[in-house]
Every structure is written in C-alpha cells, then in structure tokens.
There are 2 protein chains.
Amino acid sequence: MLKPTVNKGRASGRITLAMVARHAGVATMTASRALTQPGLVSQPLRDRVLKSVAELGYVPNRAARALASSQSKVIAVLVPSLANAVFTEVLAGIEDALEGDDYQILIGNTRYSEREEEKLITTYLQSAPDGMLLTGLSPCPRVQQLLAGSPMPLVSMMDLAGADEQPSVGFSQFAAGQTMTRYLISRGYRRIGFMGAQLDERTLRRADGYRQAMQEARLAAAELEVMVAQPSTIALGAALLDRMLEQASGCDAIFCCNDDLAQGAVFQAQRRNLHIPGQLAICGFNDLPASAWMNPTLTTISTPRYRIGFEAATLLRSLIKGETPAARHIDLGFTLMARESA
Amino acid sequence: MLKPTVNKGRASGRITLAMVARHAGVATMTASRALTQPGLVSQPLRDRVLKSVAELGYVPNRAARALASSQSKVIAVLVPSLANAVFTEVLAGIEDALEGDDYQILIGNTRYSEREEEKLITTYLQSAPDGMLLTGLSPCPRVQQLLAGSPMPLVSMMDLAGADEQPSVGFSQFAAGQTMTRYLISRGYRRIGFMGAQLDERTLRRADGYRQAMQEARLAAAELEVMVAQPSTIALGAALLDRMLEQASGCDAIFCCNDDLAQGAVFQAQRRNLHIPGQLAICGFNDLPASAWMNPTLTTISTPRYRIGFEAATLLRSLIKGETPAARHIDLGFTLMARESA
DNA sequence: CTGAAAGCGCTTACAG
DNA sequence: CTGAAAGCGCTTACAG
C-alpha cells in the first residue's frame, strides 16, 4: 500500500507531477522529462506518463516551474494606450509572433504616464520576465534605473534608436513627419498648420519633421503650431481645429499628429461649412480604419503596427535565447496614403 | 564568519528575502512578515527590514510567493477583441477596480474564437488564477469543462445571466435591441432592416430583441435581415449596406448591430448620395467616440463598458475573498442616444 | 534512458 | 512579537 505523503494541510488540492509519476509508476523526474524533453524518455515510459496526465487531468504549475528553473516564460509588454488601435495592432503582432512558444504575455497599459509605467514595471519585475517590449525610445530616468537592475533583454517599439543604443523596431517618426509636410508643400499649400496632442515622444518627433520641412521651404511660423498635452480624441480634434483657424490666419492645410485628431478636425470643418480640401486641407497620421472610408477620405501616413509588434517580439525572443540577431534595429518604414482630404 | 549557503549554481542571482533578513539581522520569517503583515512586527525590526530591502534593492519573487501560499494573485480576463473600443474600456474599468490590490492581470484576446479561448484558458490555468473574468454568458462545452475542473470564482461580463447561473455584470442585450427597434418604429419607420456581423452571443441577442419588436408591430420580414459571420468593420458596414438595399426593397431604416457597421453604412450611403435620415435612417450600437462627431451624428445605444469592467472586477474580488456579495447579478442598463441619423 | 537528492524563494504552521 | 522547520511543486545536477 502506498503511504500518502504527509499533508499538513498545505497542498493546493491540485494534481501534481509527483502524483502523475506515481500513477504511471515512474520517478517524478521521468514524468517531468516526458513532458518537457520527451526525446530523452523511452517510448513506453513516455506513453505511460502521457496516459496518466490525461487520466488525472494534470495541469502543470507555472509558479513551481518558474521557481525551479529560474525561467519565468513571461514576456512583459508596455504600451501607452489600448484605446488607440495602433497599439492593439502592435499587440496582435506580438501575440502572433510568440504563438506556440509557451510565453505568458503580460500586457501593461501605462496610459502615457511615467508614474504608471514605473508602477507596472515594478510589479512586472516581481515576475522576473524573460524579456520586455517597450513602447518608445527613452523611458524616464526612474524607469531606466529599474530596468538597469535586471539583466533581461529589452526591445523598443515604434521608433528607431541609434546603432549603439537599445534594440529597436519601428520607423523614423521624424522622417514620416517630414515626408507628410513635404507632400503638402508639393501640393501647393503654404500656410500649413501642425496640430499635436498628448505630446509623447513620437508626436514630438513628427513635429520635428514638420518643422524641418517647413524651415527648408521657408514657410515656418510659430502661430502655425497648436500643441496640447491632452490625450488625442476626435472631440479634441474638433476643438483644436477651431483654435487653429483662430490663431493662424490664412491657414490652408493642417497636418494632424494622428488620425483621431484629423477625423475630429474634418467633422468640425464640415460643420463650419468649409470645403475639404478646397478651402482647407486636412491630413492625419497612422491610417486608422475609418480614414479610408469617411467622406472625404483622409490623406494620412500608414504605419506598420502589426509588423512592428511581430518583428519586435521575434527579435526579443532571439535575444532571450542568447542568439545574436542579424540586426538589432529594424526599420519597417511607412507609406504616404494620398487621398481626398489633402 | 557567516558560512554562505551552499550554492551549486542554481541561484537566480537575485536578492532573496533570506539575504534581506540576514542583512537586517532577523529571521527570514520576520522579514517576510515585515513586508506582508507589518502589523505583526515590532517597529524597530520592521524599520531594519525595510532599510535592508531598500539598500539591497530587494524585489519579491512572485513565483515563490505563489507556490508557498497557493495564492497566485493572478486574475485572468478574457475578451473577444482588442480592436473594439468596447473591450478596451471594459479593461480600463477592471484595471481601475483592481488598482492597488496587487493582482497581476492576465489579458487574453480570444479573437472571437472558441479554439483560441480554449488555448488561452488552458495556459492561464497553469498560473492557477485566483479568479477569472469572462466575456459572455455561455462558453463552449470544452471551455466549460476546463473551468469546471477548477474551483476559482468566475464572473461573466456584458450580458445578464439567470438568477441561478454564474455571476454576471452587464445589461440585457435583448432589451437593448428591442428598445432601439421600438424607437425606430415610433419614429415612423416601417421597413427596418437589421445588419449583423460576427454573430457572437451578444449580436444574436440584439437581433432577437429586434425580431421581437418587429413581430409585435407586425413588421417582421425575412429579407430585412442581413447577417454575416465576418468580423465587424467599417468596410464591412459599407458592403452590407449595398447588400441590404439590394435585398430589401423599400428599406427606410437600418439598425446595425454595432457602430462600426453603422459608420461604414453611413459613409457608403453618402457615397450613394442618399440623404440620412431623410431617405434612409441608420443607427448603431455602443456609442463609439466617432459616433457623436461624424456627420450626421449617429443614433445609437450607449453601453456602460467601463462600469461593467469595474463592477465585474469588484464582484470577482469579493468572491475571491470568500465574501457573499449583495448581488450576484448586476444590471447596469443602457441609454438610447437619439441623434441625427435616425 | 532512469532516478534519488537537493534546491529554487517564499509562506504555513507551530512553538516559544 | 520572533523564529526554526517544513513544505509548496517543480527542475537542476548528479550518479548510475
């Protein structure tokens, strides 16, 4: 008769590997191998273990595995927003890239707040992630310090870092801002406004690109910029259109730092009975789903969100495995979508 | 001289509670209590422990804590989509409700797929969540079986379950569908079409509400329904508008099962030079941000997504604590937003 | 290919 | 209030 292990009332009540092993008549070690390195176990024993697993309904305990192996099989992802389709598509790319790799993905929404980011990272660090995917190039100093204390690999998403900096996957936000502005100039617009919200890293880089292009063309003027720190929404786009028209007389085009703002600006311009693009051209950034369908269709920059997530996760995985990736920085580019609104 | 514990090369390299305790000159147990039940430790010892924690940069190991306490402090959340703002707002409510409770939130996107849901739950079960938040009332049989094997509390979100069923937080999708349809009827529309995509539980319940209202008014007709299993998008809304107009002659209003579809239908109707609502009324469901701003503004049903997440998480937490909540089913209602489009 | 022992870093359950 | 011992459920590192 099998003597049951002493249970002082601490057991979780779940089926354990040891129970599976006993049921199969093998050592715990053999049961462990049958599940994680089946090649090292003979066919007959492996079959018996698998049969016991099924019969007992065994579910591995990740906490125990993590503790024993010091591999958490956790990847943490930090995005600044989930309300923005850009980042949910990044997440879809990440999930697809990691599909089947048995990683637990921890999704953290920083809500564009450094404090929130710090809190999330502090919590995530307790799970000792095998790696982390970060949005943006330069975390605030406190976050950098937190991350410096851990040896796990990191990959930055959305923009491109310098060659000697942290691995990154994205595209040049600066170049994209510049490209759109040059396009507007080439179409004959002269009083081109820039409308920016949130004022996160990427928006600021796009604004830099805009300024550079305007200066090159000797069209720059301070009153052409409307920048506010509030979150981007359609409602804000409508409000900022009013402000721009008030502040920048003769404004004939507006480059909005994202499509939400641009959509709101278009709707509001229509309410003011302005013809787009005849009286006012409006363009956005990101190419959200509605932009190709609204009336008029929105001129914008299409960005490779899904691929950024996919490639960033792929790069991170190879870093976790200790491989030396072919490239530590991946430029996925962007595409100008010339449509009706500008 | 302190004899270092034998290290056969298995240590993770991180600072452990034992190291903190030794540094502070107390037992590991005391250091543990100082962090988790500070009231049980005298002020002087507590201070020494906290000082050591800071000096050594100690980060608790969640896996070890979970294993020892058989409390994972994990809550898993399953939503069918992240592309849909409805669910990202639900998530925001959940995060806010659980703020400061030290739960790790696992966000799983099932992509409206039962296979994906099954895979996610199988993985999540390995982390032995303390509780789970599910979208929808009736998981598929295989998922039900998976969940039945675990004693953790569950709460369903979005719709209302029967009194004797699983706890739920949401509103009656059926009543909402019925309310919108009756509204259209009261406005004088007679050939009212229903446009449904995805065909998930909630869409079907809304369609039931529509049918009920149409039958009551003796207006029901098979050709007034356009139902497709594809995911809802603006592009699909545009395509389905064409199909509806072809299939249902004299159609004077369309109730779209969500705002994405409705927005696409509006844009496409405008391209066909149909005046809204004069020649065709269109309404949606959910009240997404763009709906109040587009031209014309969209008549729709506003749904309490954020509060659903918040209340569901609050209910789940009390269930996890073993409390008996005041109500196991919480009806948060919905609001008809009568705007320009219908 | 198989297994007994030890250990991962915490907390439970006692004892004082 | 404080602590020594044992245990959570796995895997590592050996030994055979």
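So you know, we letter chains A, B, ... as the sequences are listed, proteins then strands, and number each from 1. In this text, all values refer to a predicted model and were calculated from it rather than measured experimentally. All values below come from the heavy atoms of this structure, side chains included, with hydrogens, waters and symmetry mates left out.
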Original post:
Are the side chain of Ser81(B) and the backbone of Ala83(B) linked by a donor-acceptor contact shorter than 3.5 Å?
Top reply: yes
Side chain of [X] only, please: which of [options] is the nearest?
| X | options | result |
| --- | --- | --- |
| Thr30(B) | dG9(D), dC10(C), dG3(D) | dG3(D) |
| Met29(B) | dA13(C), dT2(D), dC8(D) | dA13(C) |
| Asn61(B) | dG3(C), dT11(D), dG9(C) | dG9(C) |
| Arg33(B) | dT11(D), dA13(C), dT11(C) | dA13(C) |
| Ala27(B) | dT11(C), dA4(D), dG3(C) | dA4(D) |
| Val41(A) | dT11(C), dT2(C), dT11(D) | dT2(C) |

Could you tell me the separation between the [atom1] atom of [X] and the [atom2] atom of [N], rounded to a whole number of Å?
| X | N | atom1 | atom2 | value |
| --- | --- | --- | --- | --- |
| Leu17(B) | dC8(C) | CG | P | 14 Å |
| Tyr58(B) | dG9(C) | OH | C1' | 7 Å |
| Arg65(B) | dC10(D) | CZ | P | 21 Å |
| Gln37(A) | dA13(D) | CD | P | 12 Å |
| Gln71(A) | dC10(D) | CD | P | 16 Å |
| Gln126(A) | dG9(C) | CD | P | 15 Å |
| Lys73(B) | dT11(C) | NZ | P | 12 Å |
| Leu35(A) | dT2(C) | CG | P | 14 Å |

**OP:** Report the C-alpha distance between Gln104(A) and Thr123(B) in whole Å, list the side-chain angles of each, state the deciding distance to 0.1 Å, and finish with yes or no for side-chain hydrogen bond (donor to acceptor under 3.5 Å, both in side chains).
**Re:** CA-CA 8 Å; Gln104(A) 190 83 266; Thr123(B) 305; over 6 Å; no
Side-chain N or O of [X] less than 4.0 angstrom from OP1 or OP2 on [N]?
| X | N | result |
| --- | --- | --- |
| Thr16(B) | dC8(C) | no |
| Ser32(B) | dT11(C) | yes |
| Ser42(B) | dT2(D) | yes |

Subject >> Derivation and outcome, salt bridge (Lys or Arg N to Asp or Glu O under 4.0 Å), residues Asp101(B) and Arg317(B) >> reply: CA-CA 9 Å; Asp101(B) 269 319; Arg317(B) 182 181 44 203; 2.4 Å; yes
Original post:
Across all strands shown, which nucleotide pairs with dA4(C) by Watson-Crick or G-U wobble geometry, both distances under 3.5 Å?
Top reply: none
Original post:
With a 4.0 Å cut-off on heavy atoms, is Arg14(A) in touch with a base, just the backbone sugar-phosphate, or nothing at all?
Top reply: nothing
Original post:
Are Tyr103(B) and Asp130(B) linked by a side-chain donor-acceptor pair shorter than 3.5 Å?
Top reply: no
**OP:** Ignoring hydrogens and angles, state whether a donor on the side chain of Gln166(B) or Ser156(B) is under 3.5 Å from an acceptor on the partner side chain.
**Re:** yes
Subject >> Quiz item: Arg62(A) side-chain donor-acceptor pair to dG9(D) base, under 3.5 Å >> reply: no
**OP:** Using heavy atoms to find the nearest nucleotide of DNA chain D for Leu40(B) and Leu67(B) separately, return the residue whose nucleotide is more 5′.
**Re:** Leu40(B)
Subject >> Nearest-nucleotide comparison on DNA chain D, the residue closer to the 5′ end among Gln43(B) and Val59(A) >> reply: Gln43(B)
Original post:
Has Arg307(B) got more than 12 heavy atoms of other residues, nucleotides or ligands less than 6.0 Å from its CZ?
Top reply: no
